[in-house]
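The block underneath contains the structure these notes are about, expressed in structure tokens.
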There are 2 protein chains.
Amino acid sequence: MAMADVACSDQAGTGRRRFSPLLTIEQVASRTGLTKRTLRYYEELGLLRPTGRSDGNYRLYSEDDVARVERIKELRDLLGFSLAEIRAFLEADDEREQLREAFRQESDAEARLAQLERCDALIQRQLQLIEQKIAGLEQLRASLQARLTRHAQRRTELLQQLPSLDQ
Amino acid sequence: MAMADVACSDQAGTGRRRFSPLLTIEQVASRTGLTKRTLRYYEELGLLRPTGRSDGNYRLYSEDDVARVERIKELRDLLGFSLAEIRAFLEADDEREQLREAFRQESDAEARLAQLERCDALIQRQLQLIEQKIAGLEQLRASLQARLTRHAQRRTELLQQLPSLDQ
DNA sequence: CATAAGCTTACCGTTTACGTCAAGGTTAAG
DNA sequence: CTTAACCTTGACGTAAACGGTAAGCTTATG
């Protein structure tokens, strides 16, 4: 066995984690359910950039990184996005993050408003995509549910036709 | 130019189409937006079986076939299903169709009820898949909308800080 | 009936999204 | 300090989902 704990290992249960202990690729893999290969691949595509590296050049992931991985999984599995699309989606996120940063440094109220506008525009684009998907799915669901209710109707008709149901 | 109209071409606009004119692969391709290659590929995978063939062994598609193609597109684009998953999904549809057929021929009310049960079970499985996807998407949407409302709040704060807005 | 436009099967090429070694450096434990 | 267990970067392999091309048959028109 090797590689016990990489950074400041917080005794389990103390609840305090001022700066969370960075994770190895193996740990991230087991927590996210992805393989190590996949994590490296996502990095290669620019979807993910682990927070740091160890002295020996090992990848080190923060909790934020893990959250990003989860986000990627969501986009991939829920939306069926290609990794290229996810990349674009996440880049919008990143730009929002940069805007947030600029926002905090900006003192001029008008400038801050403009930044909010830009940020909202990015969010709206993402929302549109999602709502489109939802609408399609709801339509599909409706058609299936309609079938179920038709069957329910049929069923009551048939039950009335049945002579009796003793036993 | 060649291949004008394959079957009984209905004068446009009469509205009557007792049995619709079968379509060539080219026509199906242009109507569905898929390529001919893709249509053949889907057939190869067992997703699609054109209603018939011409004397010269040309594929002939019915309107039902076109509807099936649209269904496949929906499942692929909306649900992000793999073609293998779509195949399973459609097989459930097909089994339902067979059950419908059996249902019409069955006279015993009890037997018909049992068939309805089986059919409903198939539908429920499909519904579960869809609702799972919808739930995930709605959560994603909610988080984005929350951001928008936070921004709206911020915006009103900033507007109050602005001294004036003449011009 | 010749001929161009369309269709057929068959086969090879490509992109995406990884899996799978291979060769070699790193780290914790004995 | 050796060694087993991880890690690193290549490099090659592969399944899915088509794209493209070739060789040959079909069909509507001049």
Side-chain angles (χ1 to χ4, degrees), chain A residues 1-9 21-61 65 69 72-77 79-90, chain B residues 1-9 21-61 65 69 72-77 79-90:
Chain A
M1 295 177 194
M3 310 264 345
D5 264 9
V6 166
C8 50
S9 87
L22 295 176
L23 306 167
T24 69
I25 195 172
E26 168 73 50
Q27 293 171 319
V28 175
S30 83
R31 288 186 199 191
T32 61
L34 299 181
T35 68
K36 290 176 282 185
R37 175 65 175 99
T38 299
L39 290 172
R40 295 197 192 97
Y41 180 56
Y42 287 176
E43 183 178 347
E44 190 182 327
L45 292 187
L47 298 181
L48 188 62
R49 182 172 16 270
T51 294
R53 293 280 182 137
S54 78
D55 282 353
N57 201 32
Y58 284 19
R59 273 168 255 259
L60 295 177
Y61 297 82
D65 294 335
V69 172
I72 294 173
K73 274 181 59 183
E74 259 184 4
L75 293 172
R76 188 191 63 175
D77 300 337
L79 303 190
F81 279 4
S82 72
L83 297 184
E85 288 170 320
I86 293 176
R87 190 172 183 282
F89 209 90
L90 289 179
Chain B
M1 294 178 196
M3 311 268 340
D5 262 10
V6 165
C8 50
S9 86
L22 296 176
L23 306 167
T24 69
I25 194 172
E26 168 73 49
Q27 292 170 319
V28 175
S30 84
R31 289 189 198 188
T32 62
L34 299 182
T35 68
K36 290 177 282 185
R37 175 69 175 92
T38 298
L39 290 172
R40 296 197 192 97
Y41 180 57
Y42 286 176
E43 182 178 348
E44 190 182 328
L45 291 188
L47 298 181
L48 188 61
R49 183 173 16 267
T51 293
R53 293 279 180 140
S54 77
D55 282 355
N57 202 31
Y58 285 17
R59 272 168 255 259
L60 294 177
Y61 297 82
D65 293 336
V69 172
I72 294 173
K73 273 181 61 184
E74 256 185 7
L75 293 173
R76 189 190 64 174
D77 300 338
L79 303 190
F81 278 3
S82 72
L83 297 183
E85 288 169 321
I86 293 176
R87 191 172 181 282
F89 209 89
L90 289 180

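Chain identifiers are assigned alphabetically (A, B, ...) following the order of the sequence lines, protein sequences preceding nucleic acid strands; residue numbering begins at 1 within each chain.
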Item to complete: Could you tell me the separation between the CZ atom of B/R53 and the C1' atom of D/dT27, rounded to a whole number of Å?
Response: 16 Å

Fill in: side chain to side chain contact (heavy atoms under 4.5 Å, CB included) against B/S30, all qualifying residues, sequence neighbours excluded
none

Discussion item. Could you tell me if the side chain of A/T24 sits less than 4.5 Å from the side chain of A/V28, heavy atoms only?
Written reply: no

Worksheet item: Do A/Y61 and A/I25 come within less than 4.5 Å of each other through their side chains, counting heavy atoms only?
Response: yes

Worksheet item: Is a side-chain donor or acceptor of A/D65 paired with a backbone partner of A/P50 at a separation under 3.5 angstrom?
Response: no

Any protein N or O atoms within reach of nucleotides 15-17 of chain C? Criterion: under 3.5 Å, listing atom names and distances.
from: C/dA17; atom 1: OP1; to: A/L83; atom 2: N; distance (Å): 2.9
from: C/dA17; atom 1: N7; to: A/Y41; atom 2: OH; distance (Å): 3.4

Worksheet item: Starting at the 5' end of DNA chain D, which residue's closest nucleotide do you reach first, A/G56 or B/D55?
Response: A/G56

Worksheet entry | Integer-rounded Å distance: D/dC7 P and A/L60 CG | 11 Å

Discussion item. Would A/L75 and A/I72 count as a side-chain contact (heavy atoms from CB on, under 4.5 Å) here? Give the steps.
Written reply: CA-CA 5 Å; A/L75 293 172; A/I72 294 173; 5.7 Å; no

Response to the item:
Taken to the nearest whole Å, CG/A/L23 to P/D/dC7 is 12 Å

Pairs under 3.5 angstrom only: tabulate donor-acceptor contacts from the side chains of residues 39-49 of chain A to other protein residues two or more places apart or in another chain.
from: A/Y42; atom 1: OH; to: A/R76; atom 2: NH1; distance (Å): 3.0
from: A/E43; atom 1: OE1; to: A/R59; atom 2: NH1; distance (Å): 2.7
from: A/E43; atom 1: OE2; to: A/R59; atom 2: NH1; distance (Å): 3.3

Item to complete: May I have the distance from B/I25 (atom CD1) to C/dC7 (atom C1'), rounded to whole angstrom?
Response: 8 Å

Fill in: Atom-to-atom span, CG of B/N57 to C1' of C/dG6 - whole angstrom
13 Å

Worksheet entry | Any residue meeting salt bridge (charged side-chain N to carboxylate O under 4.0 Å, His left out) with B/R31, in chain and number order, not counting sequence neighbours | B/E63

Discussion item. Tell me every residue that passes side-chain hydrogen bond (donor to acceptor under 3.5 Å, both in side chains) with A/T38, counting only those two or more places apart in sequence or in another chain.
Written reply: A/T35

Worksheet entry | Any donor-acceptor N/O pair, A/K73 side chain to A/T32 backbone, under 3.5 Å | yes

Discussion item. Tell me which residues in residues 31-40 of chain B lie within less than 4.0 Å of DNA chain D, going by non-hydrogen atoms.
Written reply: B/T35, B/R37, B/T38

Practice prompt. Give the rounded distance in Å between these two atoms: CD1 of A/I72 and C1' of C/dC18.
Written response: 14 Å

Practice prompt. Kindly say if B/T24 contacts the phosphate of C/dC7, meaning a side-chain N or O under 4.0 Å from OP1 or OP2.
Written response: yes

Worksheet, complete the sentence: Rounded to whole Å, the CD-P distance (A/E26 to C/dA28) equals 15 Å

Worksheet, complete the sentence: Per atom distances to the B/R59 side chain, the nearest of C/dT27, C/dT8, D/dT8 is C/dT8

Item to complete: Using whole Å, report how far CD of A/E43 lies from P of D/dC7.
Response: 14 Å

